[in-house]
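Here the structure is laid out as structure tokens; the discussion comes afterwards.
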Amino acid sequence: MAFAKNISAIDQGIKNELAQKGIVIATLNDLYNWGRRSSLWPMQFGLACCAIEMIATACARYDIARFGAELFRPSPRQADFMIISGTVTKKMAPLLVRLYNQMPEPKYVLTMGACAISGGPFIDGYNVLRGIDRYIPVDVHLPGCPPRPEALLYGLIQLQKKIDSQEIEKCEWYQKGLKRVYPVPEYGPHGLIPKYNPEVWRPRQEELRKQRYGQPILTGKKTKAPHLDVVTTAPSS
Amino acid sequence: MNISEIKSKIESALPGVSVKIVSQSLLVEKPGNLTRVVRYLKDSPEFRMDYLASVTGADYLDYLESVYHLYSMAKKTGPIVLRVRVRRDEPKIPSLARIYRGAEFQEREAYDLFGILYENHPDLRRLFLWEGFEGFPLRKDYLQEDSEILEAEDIQWLEEHGIPIPEDIRKQAHELKQQGLRALAQKPTKESGV
Ligand code: SF4
């Protein structure tokens with residue numbers, strides 16, 4: 001994951017040296033980001049099997065509370081962190097975009113599992129969205145099927161690094177004209193309208209699946225089904 | 001009980017009904033007879049099939065099929081598997097929702113995905129897909145959209161919502177519309193070896 005380096009006015013070496021002697025120097029930025037990253041409030045919802053791992057991460061053994069993200073909120077108005085844990089079906093996608101729009105700034109999104117990133121095992125289905133990043137921006141992609149709880153914690157730490165790299169003066173949610181509300185897709189006759197939001201996502205120029213498998217989409221084997229013949233000698237049950 | 005014994009019991013109890021044994025299951029030859037057969041299996045003291053476990057749809061290209069699994073909770077026996085076959089252009093099967101309440105949602109599901117029309121169903125609407133969806137996606141001749149290519153209605157929607165559209169995408173959608181085509185997902189061919 002790429003994130004901008006934390007550019008602090010104070011040299012990191014001096015800071016560390018002083019810290020060993022018990023003197024802590026912090027900029028306002030440091031305090032601000034420390035506070036923000038240590039208390040992320042995730043939104044409480046799960047979409048499929050990945051949600052089970054997310055629940056495990058929140059329980060005592062892996063304990064997401066150690067990283068400050070234990071307060072799962074049932075309302076988007078109170079949450080600033082969205083863990084999209086599981087398969088996003090086309091029926092569910094508009095609701096997710098709506099929930100994202102309802103979250104207050106600053107907000108972060110983590111997609112958990114192959115399904116939320118790209119459709120995963122269901123990518124060829126008529127019913128599964130090929131990745132929620134078609135409609136909303138995503139901060140951390142966390143691959144796996146499902147990712148283990150350790151992986152989710154790692155993803156959270158990566159997000160915290162990203163938060164650390166942001167600065168008060170420059171952060172986008174204090175800027176004028178910020179638009180982080182995305183239009184909610186609609187149900188159409190063959191799927192969602194639009195199929196993706198070109199402002200957020202564009203299809204890749206080179207089709208990797210085509211290169212690797214010889215065709216862009218595999219919708220299963222479509223041969224003629226065999227006719228079932230009459231069984232005259234049925235085995236006794 | 002042996003499958004051929006079940007068959008002969010049904011046929012002797014219900015004159016005019018003929019069933020065929022198809023690999024350990026019973027094919028009710030006329031779809032119209034299904035309710036009679038199921039009622040008999042449910043009510044007769046010999047079978048007491050009081051639980052309908054599943055209603056399944058299937059597409060065999062030449063015909064559509066509906067498969068029923070019946071169990072008896074009272075006698076702890078089962079399953080008895082029933083099949084009904086209907087023509088693709090006229091997929092009408094009598095509904096079992098009045099006999100087993102549990103059939104209601106399962107028949108709605110089979111209707112949603114295969115387009116089998118269950119006659120006398122109390123509320124035959126789509127279950128998983130939304131109202132306004134066209135076609136029945138689990139039928140083998142269903143054409144799936146290509147989700148990477150935007151079409152004219154997508155462009156129109158994006159314009160209405162004031163989203164800037166790159167010129168190449170707009171052009172592609174326009175060309176498709178001029179040719180009167182939909183962007184469809186490519187189906188696997190023999191050569192691709194799938
Ligand atoms: S990525 Fe795997 S585990 Fe996660 S929701 Fe999809 S299928 Fe389930």
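From a predicted model like this one, the values you see are computed outputs, not experimental measurements. Residue numbering restarts at 1 for every chain, and letters A, B, ... go by the order of the sequence lines.
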Heavy-atom count around [X] [atom1] within 6.0 Å, excluding the residue itself: above 12?
X        : atom1 : value
B:Tyr40  : OH    : yes
B:Arg48  : CZ    : no
B:Arg101 : CZ    : no
B:Lys75  : NZ    : yes
B:Asp43  : CG    : yes

Tell me the closest heavy-atom pair linking [X] and [Y], and the distance in Å.
X        : Y        : answer
A:Pro194 : B:Asp154 : CA-OD1, 3.2 Å
A:Val184 : B:Trp157 : O-CZ2, 3.2 Å
B:Pro166 : A:Pro198 : CD-CB, 3.9 Å

Side-chain donor/acceptor of A:Lys91 to backbone N/O of B:Phe128, under 3.5 Å: yes

Backbone N/O of A:Gly188 and side chain of B:Trp130: donor-acceptor pair under 3.5 Å: yes

Between [atom1] on residue [X] and [atom2] on residue [Y], distance to nearest 0.5 Å:
X        : Y        : atom1 : atom2 : answer
A:Tyr182 : B:His161 : OH    : NE2   : 14.5 Å
B:Ile155 : A:Ile193 : CD1   : CD1   : 11.5 Å
A:Arg130 : B:Glu148 : CZ    : CD    : 5.0 Å
B:Ser147 : A:Asp124 : OG    : CG    : 9.0 Å

Interchain contact, B:Leu27 with chain A, by part (heavy-atom threshold 4.5 Å): neither

Pair A:Lys195 + B:Glu153: basic N to acidic O under 4.0 Å: no

Salt-bridge criterion met for B:Glu145 and A:Lys90 (N-O under 4.0 Å): yes

Worked verdict on A:His190 versus B:Gln144 for side chain to side chain contact (heavy atoms under 4.5 Å, CB included): CA-CA 8 Å; A:His190 309 288; B:Gln144 197 177 318; over 6 Å; no

A:Val200 portion near chain B, given a 4.5 angstrom heavy-atom threshold: neither

Any side-chain heavy-atom pair of B:Ile169 and A:Arg202 under 4.5 Å: yes

A:Tyr126 vs B:Leu113 side-chain heavy atoms within contact, under 4.5 Å: yes

